[in-house]
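Single-structure report; data block below.
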Amino acid sequence: MGVTSDMEVVALVGSEHQRALAASLEEAGATGVSTQEQALAYIAARMQAHSRRGYGSGRKSRTEDARELLASVVLSHIPVSAFNYHAKVVYLAVMIRRIFEAVARGGAVDDKDYYGNKRLELAGQLLALLFEDLFKNLNAQLRKHAETVLSKQNRAAAFDVTKWIRHDTITNGMVRAISTGNWSLRRFKMERAGVTQVLSRLSFIAAMGMMTRISSQFEKSRKVSGPRALQPSQWGMLCPSDTPEGESCGLVKNLALLTHVTTDSSDDELAALAYGLGVEPISMVSGFEINTPGVYLVFVNGLILGIHAAPNELVAGLRALRRVGRLSPFISIYRNDERETVHVATDGGRLCRPLIICDEASGQPRVGAVELAELRQGLRSFDDFVADGLIEFLDVNEENGAHIALYEREIVPGLTTHLELEPLTLLGVCAGLIPYPHHNQSPRNTYQCAMGKQAIGAIAYNQLTRIDTLLYTLVYPQRPLVQTKTIELIGFHKLPAGQNAMVAVMSYSGYDIEDASVLNKASLDRGYGRCTVYRKYAASIRQYPNQTIDRISARPADVEPGSQYEILDEDGICEVGLAVQEGNVMIKKESPVNTSENLANLDAQNTTLYQPSPLRWKLSIPNVVDKVMITSNASSSVVIKVLMRSTRRPEVGDKFSSRHGQKGVCGLIVEQEDMPFTDEGIVPDMVMNPHGFPSRMTCGKLLELMGGKAGAIEGAFHDGTVFAGDPVGELCAALIGAGYSYSGKDYLTSGITGEPLSAYVFFGPIYYQKLKHMVMDKMHARARGPRAVLTRQPTEGRSRSGGLRLGEMERDCLIAHGTSALLIERLMVSSDAFTVHVCRECGLIGYKDWCQYCRATASLSAVQLPYAAKLLVQELASMNVVARMRLEPL
Amino acid sequence: MSGKDVATKMKTRVILGEDRILHGSSFDAPTSFASVGVENGLNVEKFTEEVKVEVNDVSEDGNDLVFELSGVDAPLANTLRRILLSEVPTMAIEIAEFRDNTSVIQDEVFAHRLGLVPIKADPAFFETHVSGNEHTPENTLIFDLNVKCFRDINNEVVNSKVFASALVWTPFGEQAERFAENPPQVVHPDILLAKLAPGQRIDVRCYVTKGVGKVHAKWSPVATASYRLLPEPVIVAQPKSEEASRIAQTCPTKVFDIEDSGELVVARPRQCTMCRECIRPPPDAQHSAHGVYTPAVELRRVKTHFIFSVESTGILPPDRLVRDAIGVLKDRALFYAELFDQKDFEEHMAAASHSDGDDDASDDETKPMLE
């Protein structure tokens with residue numbers, strides 16, 4: 001590669017590593033490689049002979065191939081022009097030097113889990129890759145076609161390649177990839193599912209959470225902790241709480257509140273600016289200069305640009321340019337003193353976040369009271385602060401070289417370079433909802449992040465005009481009494497998902513064990529926890545190959561009450577506002593009897609023959625028709641969408657959760673008069689069992705109750721923001737001031753006996769979420785019902801009104817218990833008992849009184865066995881395996 | 001203190017400790033304190049002598065009543081409270097017939113809101129309507145709500161808010177004459193029921209029937225009815241002057257006064273809200289050798305003195321509610337009394353206790369008889 005002397009090699013790698021290089025140099029001598037030609041030949045001999053490389057004319061010599069390989073394959077990201085390998089050589093030398101350093105210093109290695117070394121893959125890159133693959137496929141197709149046509153000897157017309165371009169190859173490919181989420185690009189050895197996902201609109205928080213989600217490329221099945229562990233470098237970039245439990249724990253993460261993901265920006269003028277700031281181009285310097293201590297290598301997006309002897313000036317200069325807006329604000333410039341390098345990154349997919357710049361000498365933050373006042377008045381915006389150089393974005397690498405003060409009081413003049421905007425921004429959207437999360441045990445916050453997404457509430461302002469497949473809304477959503485800054489920032493208080501429930505933390509009735517809670521019936525009567533479930537049903541009017549088409553027939557003239565057509569409107573579609581009972585027809589659709597034969601072949605009578613194919617309401621719970629929409633879909637067939645609604649009040653078994661990862665079901669609903677009451681006559685909406693606290697250690701919930709109580713007294717919202725929030729002392733003072741105990745515990749009187757309870761009860765409002773899991777959607781029982789066709793065993797699953805499986809382990813129990821009659825009853829009699837007639841002579845299944853095998857009548861016995869066993873015997877027989885049953889008298 | 005005093009204190013007072021409540025429950029057995037000579041049995045004459053009702057306060061609108069009931073035990077006061085909450089009948093909208101609803105609010109949600117609107121009609125004039133039976137003027141009132149929102153000639157939106165006042169009574173049968181003097185109406189005309197946009201309309205016919213709070217909270221005649229025991233803060237040991245002023249100052253409801261002599265006195269015991277600030281150990285508290293802090297004040301409540309608070313929804317005046325509640329209780333008691341008088345009752349009970357230990361005669365069968 002143009003480095004021919006050992007001395008040059010040593011100089012490039014660094015003379016301090018001469019000893020380490022010696023063995024390699026000796027080997028070069030021993031193998032007889034001393035000139036460039038010899039070296040190329042050495043490489044060529046070890047190359048796989050490629051018959052055709054590139055489109056160049058004629059065959060090349062093997063050494064030329066080697067030269068080509070070095071130029072285009074080895075370190076292919078470094079451009080080589082006219083076989084000038086200098087940049088590549090320097091890069092290679094740096095790589096070798098790094099290896100030696102790692103060996104010498106033992107562990108000077110890069111951390112692959114470090115966020116500065118990671119890039120997020122964004123939509124643009126993925127689409128670019130997809131497009132490249134599809135475009136190349138198109139070209140290949142075209143070329144293949146052109147070759148077959150052009151290789152024909154006598155062609156009548158001139159070949160016009162444009163005629164053969166298929167218009168929809170790329171469109172279809174893109175549509176398919178985006179709609180399925182499968183990126184399978186063999187060209188790039190890429191096989192990925194779930195690249196695109198449908199945004200979950202089940203709740204506002206679910207949508208927000210999904211939009212900030214980051215999923216790691218790492219295999220879920222591997223049990224390694226490294227990539228899953230919390231990395232110190234994700235501070236402020238990714239939420240430390242918001243990750244799922246289970247197999248994808250730590251691999252799926254969420255962005256923190258202020259994180260910005262960079263997009264690619266141009267580095268064209270960067271090189272010129274850098275040269276202007278004194279960078280010596282790499283083409284002008286030799287190994288000796290590169291390896292002089294104190295001389296820094298300058299990298300731009302991973303390419304070596306040159307060297308600089310005073311890196312501080314360079315870094316300061318570039319940063320100054322960035323701060324005045326001459327460079328993109330998302331460019332990262334950082335110095336690595338250990339390696340003596342300066343890195344400039346402009347590429348996309350880096351995580352970065354805004355920080356307030358502090359003056360170098362005084363440490364004075366550039367955003368002070370004046371600026372904040374201007375911000376409040378609307379004179380300046382956040383973007384203005386960035387443009388004016390008061391705030392800048394630092395990525396993980398540059399953050400490493402910065403000294404960031406968490407609070408203004410922690411600034412050390414002369415040392416501090418930046419000030420954190422606000423500590424709460426280190427959490428993400430979902431964790432930001434939790435009041436006082438810094439008082440909770442950390443997994444509780446993680447649980448809440450997962451649960452907040454299941455909470456029923458308002459999902460959007462247009463929620464009543466949307467037609468979602470499934471939509472849960474709360475009838476009376478409330479904004480939480482204890483708020484956080486994040487709640488205000490993301491607008492959760494405008495689209496809340498929960499209600500402030502008066503909670504008494506006490507044991508009551510015994511129906512509150514294992515996290516169950518007791519609800520007040522009067523509260524439910526008054527609308528607590530009431531929710532509406534909307535579900536979409538659709539029927540499409542299809543056109544068949546023989547031009548026949550489905551139709552909606554009109555409602556019959558005389559519909560009696562109780563008829564299946566009761567709820568239809570005149571047009572044969574259900575009427576908005578009516579309650580639909582089980583078995584009612586919602587859309588009176590009819591389909592042609594004959595859909596395949598050509599119309600011409602059918603007689604007139606046959607063409608008008610229709611059979612009913614109505615959309616029916618199958619559930620036993622009546623629903624109300626909320627909306628009917630008639631529209632057409634992409635394939636222009638008419639679709640009738642019916643939105644069904646049911647309003648539910650909470651019942652025993654519905655799931656509720658506070659904002660602290662404390663979920664529980666309703667165990668009992670109690671009359672108001674049976675509930676305990678305070679001196680003021682306040683009755684709890686919910687009684688929570690105190691055993692939920694000691695093991696969960698959710699002190700945040702205790703504080704939320706105090707804050708909520710103080711807030712309710714004062715008529716104000718209290719603040720429970722992370723690391724900030726109203727201090728307990730203030731809350732206690734507010735409680736005392738209003739005549740309550742400082743501890744939040746009240747004197748209660750039992751509603752049942754009318755006598756005081758013998759302990760004070762922690763009592764106050766806590767924000768409770770109703771989760772989407774409701775018994776009404778889950779309860780199921782079966783006595784008799786449908787059976788599977790093949791095995792005659794009961795069907796599986798609630799939707800098919802299936803049976804409850806007596807599984808292997810349950811079976812083992814019965815065996816161990818010795819209850820064989822019960823075992824037979826469960827496994828055969830109640831499942832798929834069947835009587836066959838088995839021949840005592842040959843052991844095969846015959847007919848009643850006739851064995852086809854023996855051709856005899858005498859020796860048949862009726863045997864009861866599971867139908868599945870009979871099926872097995874017959875299936876084996878069909879494969880030429882005979883199974884004989886030997887019968888013995890009992 | 002003698003054994004008798006201790007027993008009397010246990011019997012008549014609740015003691016509020018710093019972290020627990022002592023002697024909260026009543027002592028049922030007549031012989032509970034026999035050893036110290038304190039009688040604990042029921043005595044009708046003594047009861048009628050001791051029981052006292054004193055009206056304390058009636059709010060300006062006449063809907064809130066505070067009265068003091070003394071000389072009774074918790075079960076009786078509680079029974080009264082429970083009946084007020086769930087067994088005194090009122091009238092409320094039970095069936096809403098939607099003729100038209102083009103608003104954004106769902107039928108069933110609007111119906112739920114309608115149900116909770118208090119209707120001013122005396123339930124005494126009505127019979128209970130049995131679900132499924134026909135509505136008659138004797139058991140049903142009819143209210144109509146027909147509101148259409150539109151833009152008037154000045155392009156201003158009219159009727160964008162539907163208030164409870166939109167519920168108009170439609171006389172049913174001869175009701176017009178029957179209720180000519182006192183036409184049924186909503187209690188609060190300013191309850192916001194729904195919001196409409198121009199062009200939207202709600203047209204509902206509501207059937208108002210008689211019911212009790214036990215079935216649905218909408219029939220509960222009270223916002224709340226509850227009681228508290230008469231507070232009785234007692235200064236057990238006169239504290240030093242600093243301590244005395246600290247206690248007097250920390251009390252948020254100003255229960256204590258300091259006399260000119262520097263003595264701490266309980267001036268306004270009824271204001272005590274049981275916040276326990278006066279018995280909370282201060283940071284520099286003097287603990288005894290066992291680590292126990294003995295506060296200067298002992299917080300007590302009188303077990304037989306109930307400060308009752310009845311907040312009516314406005315349908316019926318609270319005094320009437322209390323009377324009704326006592327009536328319900330009396331009816332119930334008479335029903336059981338009659339049951340006891342039946343000849344075969346004892347045989348019946350004997351048979352019942354053989355087959356099934358449980359019977360309907362619950363806690364309120366004996367004591368109410370004293371009424």
Side-chain angles (χ1 to χ4, degrees), chain A residues 463-465 473 475-476 520-528 530 532 534 576-579 624 626 645-649 671-683 733-743 745-761, chain B residues 14 16 19-26 73-79 81-87 98 100-101 104 106-109 112-113 115-116 213-218 220 223-229 231 250-253 271-277 280 301 303 306-307 309 311 363:
Chain A
Q463 61 183 17
L464 297 180
T465 36
T473 57
V475 175
Y476 299 110
N520 181 342
K521 181 171 162 285
S523 306
L524 308 186
D525 286 344
R526 293 179 176 120
Y528 174 75
R530 202 164 279 229
T532 311
Y534 296 86
V576 171
L578 293 188
V624 178
D626 189 70
R645 142 169 62 95
S646 73
T647 301
R648 303 173 179 178
R649 64 183 266 157
E671 304 279 346
Q672 181 186 345
E673 63 264 27
D674 287 337
M675 279 282 183
F677 57 96
T678 67
D679 276 2
E680 295 158 293
I682 300 174
V683 182
L735 290 182
I736 294 169
Y740 293 88
S741 168
Y742 76 99
S743 61
K745 293 190 205 168
D746 287 345
Y747 169 100
L748 294 196
T749 308
S750 163
I752 299 170
T753 65
E755 291 163 353
L757 299 179
S758 54
Y760 299 108
V761 173
Chain B
V14 182
L16 280 84
D19 50 8
R20 61 181 171 162
I21 297 162
L22 287 175
H23 316 316
S25 52
S26 54
D73 279 335
L76 189 59
N78 192 37
T79 308
R81 184 192 68 89
R82 291 169 62 93
I83 290 173
L84 276 168
L85 281 171
S86 68
E87 281 180 89
F98 282 79
D100 194 7
N101 177 13
V104 290
Q106 299 88 342
D107 293 351
E108 60 274 21
V109 175
H112 173 235
R113 293 181 74 86
L116 293 172
K214 203 164 220 166
V215 179
H216 193 283
K218 68 185 172 187
S220 184
T224 189
S226 77
Y227 57 74
R228 62 191 182 106
L229 299 177
T250 51
C251 179
T253 49
Q271 286 186 10
C272 180
T273 55
M274 301 294 138
C275 71
R276 280 112 64 204
E277 271 304 291
R280 178 180 169 194
R301 306 191 98 167
K303 265 193 210 178
F306 299 88
I307 302 175
S309 151
E311 296 172 29
D363 56 318

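Chain A is the first sequence line, chain B the second, and so forth, proteins listed ahead of strands; every chain is numbered from 1. Because only heavy atoms are used, hydrogens play no part in the values below, and waters and symmetry mates are left out as well, while side chains stay in.
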> Thinking salt bridges, do B/E108 and A/R645 make one under a 4.0 Å N-O criterion?
Replying inline: yes
>> Which atoms of B/K303 are under 4.5 Å from chain A, going by heavy atoms: the side chain, the backbone, both sets, or neither?
In response: neither
> A/A522 versus chain B, heavy atoms under 4.5 Å apart: side chain, backbone, both or neither?
Replying inline: both
> For A/G739, does its backbone N or O pair with a side-chain atom of B/T253 as donor and acceptor, under 3.5 Å?
Replying inline: no
>> Does any backbone or side-chain atom of B/R276 lie under 4.5 Å from a heavy atom of chain A? Answer side chain, backbone, both or neither.
In response: side chain
> Any idea which of B/T273, B/L16, B/N78 has the most non-hydrogen atom pairs under 4.5 angstrom with chain A?
Replying inline: B/N78
>> Counting C-beta onward and ignoring hydrogens, is there a side-chain heavy-atom pair between B/S26 and A/E755 closer than 4.5 Å?
In response: yes
>> Checking B/R280 against A/I736 for the side-chain contact (heavy atoms from CB on, under 4.5 Å) test, could you report, in this order, the C-alpha distance in whole Å, the side-chain angles of both residues, the deciding distance, and whether it holds?
In response: CA-CA 12 Å; B/R280 178 180 169 194; A/I736 294 169; 3.6 Å; yes
> Just wondering, do B/Q106 and A/L464 contact through their side chains at under 4.5 Å, heavy atoms?
Replying inline: yes
> Where on B/Y227 is there a heavy atom nearer than 4.5 Å to chain A: the side chain, the backbone, both, or neither?
Replying inline: both
>> Return the CZ to CZ distance between A/R526 and B/R113, rounded to the nearest 0.5 Å.
In response: 14.0 Å
> Where on B/S309 is there a heavy atom nearer than 4.5 Å to chain A: the side chain, the backbone, both, or neither?
Replying inline: neither
>> Test of understanding: with ring-ring contact (aromatic ring centres under 6.0 Å, His included), list the residues that count as partners of A/Y760, not counting sequence neighbours.
In response: none
>> Give me the atom names and distance for the closest heavy-atom approach of B/P252 to A/G737.
In response: CB-O, 4.0 Å
> Are side-chain heavy atoms of B/H216 and A/L524 found at a separation under 4.5 Å?
Replying inline: no
> Is a donor on one side and an acceptor on the other found under 3.5 Å between the side chain of B/R81 and the backbone of A/E673?
Replying inline: yes
>> Using side-chain heavy atoms (C-beta onward) and a distance below 4.5 Å, is A/Y740 in contact with B/E277?
In response: no
>> Heavy-atom pairs under 4.5 Å with chain B - which of A/G751, A/S750, A/S523, A/A738 has more of them than the others?
In response: A/G751
>> Is it the case that the side chain of A/K521 and the backbone of B/K214 share a donor-acceptor pair, with hydrogens and angles ignored and the cut-off at 3.5 Å?
In response: yes
> How many angstroms lie between CD1 in B/I21 and CG in A/L748, if you round to the nearest 0.5 Å?
Replying inline: 8.0 Å
>> Does any backbone or side-chain atom of A/D746 lie under 4.5 Å from a heavy atom of chain B? Answer side chain, backbone, both or neither.
In response: backbone
> So which heavy atom on A/V475 is nearest to which on B/V109, and how close?
Replying inline: CG1-CG1, 3.6 Å
> Considering all heavy atoms of both residues, which atom of A/G681 and which atom of B/S226 are nearest to each other, and what is their separation?
Replying inline: CA-OG, 3.1 Å
> Quick one: what part of A/L735 sits under 4.5 Å from any heavy atom of chain B, side chain, backbone, both or neither?
Replying inline: neither
> Can you name the residues that form a side chain to side chain contact (heavy atoms under 4.5 Å, CB included) with A/T473, not counting sequence neighbours?
Replying inline: A/Q463, A/L471, A/T532, A/Y534
> Between A/D525 and B/H112, which heavy-atom pair has the shortest distance, and what is it?
Replying inline: O-NE2, 2.7 Å
>> Report which part of B/L229 has an atom under 4.5 Å of a heavy atom belonging to chain A: side chain, backbone, both, or neither.
In response: side chain
> Under a 4.0 Å N-O cut-off, is there an ion pair linking B/D19 with A/K745?
Replying inline: no
> Heavy-atom distance under 4.5 Å to chain B: side chain of A/T749, backbone, both or neither?
Replying inline: side chain
> Got a salt bridge between B/R301 and A/D679, using NZ or NE/NH1/NH2 to carboxylate O under 4.0 Å?
Replying inline: yes
> Checking heavy atoms, do the side chain of B/V104, its backbone, both or neither come under 4.5 Å from chain A?
Replying inline: both
> Rounded to the nearest 0.5 Å, how far apart are CZ of B/R82 and CD1 of A/I752?
Replying inline: 7.0 Å
